[in-house]
Amino acid sequence: MGLKVAKFGGSSVADGIQMTKTKQIIEADKERKYVVVSAPGKRYDGDNKITDLLYLCKTHIDHNLPYEQVFQVICDRFMAIKINLGLKVDLQKEFEVMKQNLENGASADYIASRGEYLSALIIAEFLGYTFIDTAGLIVFDAKGRFLEDETNKKLGEELKKHERAVLPGFYGSSPDGTIKTFSRGGSDITGAIVSRAANANVYENWTDVSGFLMADPRIVNNPKPIESLSYKELRELSYMGASVLHEDAIYPARVANIPINIRNTNQPEDPGTMITAKEIIHENQIITGIAGSKGFTVICIYKNNMNSERGILRRVLGILDDYGIMVHHLPSGIDTVSVVISSESVNGRLTELVQDLTNNLKPDSIDVHENMSLIATVGCGMASRRGVSAKLFTALAGADVNVRMIDQGSSEMNIIVGIENKDFEASIRAIYEAFVT
Ligand code: ASP
């Protein structure tokens with residue numbers, strides 16, 4: 001028999017109704033042996049996520065404000081789930097411990113982690129599975145770095161002892177035993193870590209959409225779903241803003257070559273998107289997806305004979321590094337180099353930055369383009385086909401879009417264009433229409 005790890009996100013465990021759907025999904029396939037859960041998320045638009053409320057308690061405490069009201073909202077939500085599902089778990093005792101720890105100065109990580117902890121306790125009883133706490137099994141070093149090999153060993157040994165289990169997502173522990181969380185949305189990472197440690201055949205990631213779509217449905221009307229894509233294509237798409245899966249989550253599954261299947265708890269019959277190492281080239285589909293983000297600044301530096309000046313790129317990057325600014329792309333020509341940075345990271349220091357670049361590099365000129373967007377057209381089938389760029393740029397010209405920057409990664413599975421924010425939506429629609437039939 002195969003072994004599946006199923007991770008359920010916040011919306012899949014938001015209340016008793018959603019937890020019942022989750023239970024039905026797990027029971028429908030005996031191979032779903034290890035379950036990883038998030039904290040209850042939003043039940044409707046405008047609702048609160050438990051994790052946000054937990055952080056809010058901590059903020060109140062840090063500012064010497066009464067936190068009891070927010071804490072009560074959290075307790076009430078968990079109690080309602082327990083009563084709704086007819087469970088016995090002693091939540092009152094858990095709330096007391098949390099309260100005491102809160103008042104004794106527990107860290108934000110500890111407090112935030114309690115959402116996943118309680119969620120897992122509840123679902124373990126509901127399913128009749130063992131509850132395994134990830135503290136002590138998913139481990140970090142004293143500097144907060146995740147220890148992948150040690151975790152894999154410890155967790156693997158523990159999982160072997162249990163036929164079926166539920167584990168809380170989002171956190172592990174530091175060498176001193178205190179709780180340490182991953183970044184927000186980190187239960188996806190836990191799911192991948194558990195998949196690797198359990199040697200799973202598939203990592204199922206259950207959420208509230210039926211996988212990836214070829215473009216953002218807020219921009220393109222009814223975009224086609226992506227049935228399968230490679231880890232690499234996923235990296236490119238999520239980097240550029242397609243946000244279904246926590247980016248880091250790919251890594252542990254990828255290392256162990258475990259396919260990731262994104263599924264929809266509200267439509268379990270949909271096959272979702274399958275992510276594997278295989279780069280599948282579809283005969284009738286040149287591209288896999290389109291993703292993009294707004295909010296970039298492009299600084300174009302021109303200097304005659306730049307190509308023969310040693311160390312100039314190092315100096316450009318050094319200055320940006322001094323400002324703590326990350327470079328997203330670095331397209332270059334013979335006498336030009338452009339740096340693409342997020343406008344947010346510049347944080348009001350643009351004039352100063354340009355002045356420093358000017359003083360240090362002595363360029364002929366520097367042009368700055370603010371309010372830029374980047375759009376990535378991704379597909380492993382692009383490299384082996386002729387006319388892909390021609391089609392892309394014809395589509396953009398047809399939509400009257402002025403392309404300011406072009407960057408094609410050496411993998412040739414991604415063409416990135418820089419355009420003005422105002423052309424963002426029109427560009428995505430034009431590319432989609434040109435490539436997707
Ligand atoms: N509950 C955490 C968050 O909201 C982690 C997760 O759901 O993945 O970020």
Side-chain angles (χ1 to χ4, degrees), residues 5-15 18-19 21-22 25 34-59 70-71 73-75 77-78 81 94 98 102 106-124 131-135 137-138 140 144 146 151 155 166-173 179-196 203-209 211 234 238 242-253 260-266 275:
V5 168
K7 180 259 167 181
F8 291 85
S11 59
S12 307
V13 296
D15 58 18
Q18 290 302 96
M19 285 199 187
K21 288 186 195 168
T22 291
I25 290 167
Y34 299 118
V35 176
V36 174
V37 290
S38 281
K42 291 186 184 186
R43 295 159 291 181
Y44 45 82
D45 265 359
D47 192 19
N48 291 305
K49 286 181 168 193
I50 288 289
T51 311
D52 291 334
L53 295 175
L54 288 162
Y55 279 120
L56 197 57
C57 281
K58 174 68 178 160
T59 311
V70 184
F71 193 73
V73 175
I74 298 167
C75 299
R77 261 189 82 178
F78 279 112
I81 294 175
E94 299 294 341
M98 276 166 70
L102 256 169
S107 68
D109 280 14
Y110 163 78
I111 293 159
S113 74
R114 295 304 88 185
E116 272 62 19
Y117 170 80
L118 293 175
S119 181
L121 270 185
I122 289 174
I123 293 184
F131 166 81
I132 300 179
D133 198 347
T134 40
L137 298 174
I138 292 185
F140 296 81
F146 170 57
T151 294
L155 192 57
V166 178
L167 300 95
F170 193 34
Y171 72 92
S173 57
I179 297 289
K180 169 91 187 93
T181 58
F182 290 108
S183 57
R184 292 300 304 265
S187 299
D188 284 339
I189 308 176
T190 311
I193 292 168
V194 173
S195 301
R196 182 180 171 201
Y203 166 26
E204 289 182 341
N205 190 294
W206 291 84
T207 174
D208 54 3
V209 289
L234 171 68
S238 15
S243 58
V244 174
L245 191 64
H246 196 292
E247 239 185 288
D248 300 344
I250 309 159
Y251 180 73
I260 308 171
N261 190 193
I262 314 278
R263 301 285 295 265
N264 188 347
T265 301
N266 303 317
I275 306 155

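Read the numbers this way: they start at 1 and go in the same order the structure lists the ligands and their atoms. No experiment lies behind these values; they were computed from the predicted model shown.
Nearest to atom 9 (O) of ligand 1 by heavy-atom distance, out of Lys7, Arg184, Lys49, is Arg184.
Protein heavy atom closest to atom 5 (C) of ligand 1, with residue, atom name and distance, is Glu116 OE2, 3.4 Å. Protein heavy atom closest to atom 6 (C) of ligand 1, with residue, atom name and distance, is Ser187 OG, 3.3 Å. Scanning all protein heavy atoms for the shortest distance to atom 7 (O) of ligand 1 gives Ser38 OG, 3.0 Å.
A salt bridge links Asp52 to Arg184: at least one charged side-chain nitrogen sits closer than 4.0 Å to a carboxylate oxygen. Looking at Asp47 and Arg77, a side-chain N of the basic residue comes within less than 4.0 Å of a carboxylate O on the acidic one, giving a salt bridge.
A distance below 6.0 Å separates the ring centres of Phe131 and Tyr117. Checked against the 6.0 Å centroid criterion, the rings of Phe140 and Phe182 qualify as a close aromatic pair.
Heavy atoms of Gly185 approach ligand 1 to within less than 4.0 angstrom. Remark: distances from the non-hydrogen atoms of Gly169 to ligand 1 are all 4.0 Å or more.
Counting only heavy atoms from C-beta outward, the side chains of Trp206 and Thr22 never approach each other to under 4.5 Å.
In terms of N/O distances under 3.5 Å, ligand 1 is not approached by Asp188.
Relative to the ring axis of Tyr171, Arg114 places its NZ or CZ within 45° and under 6.0 Å from the centre.
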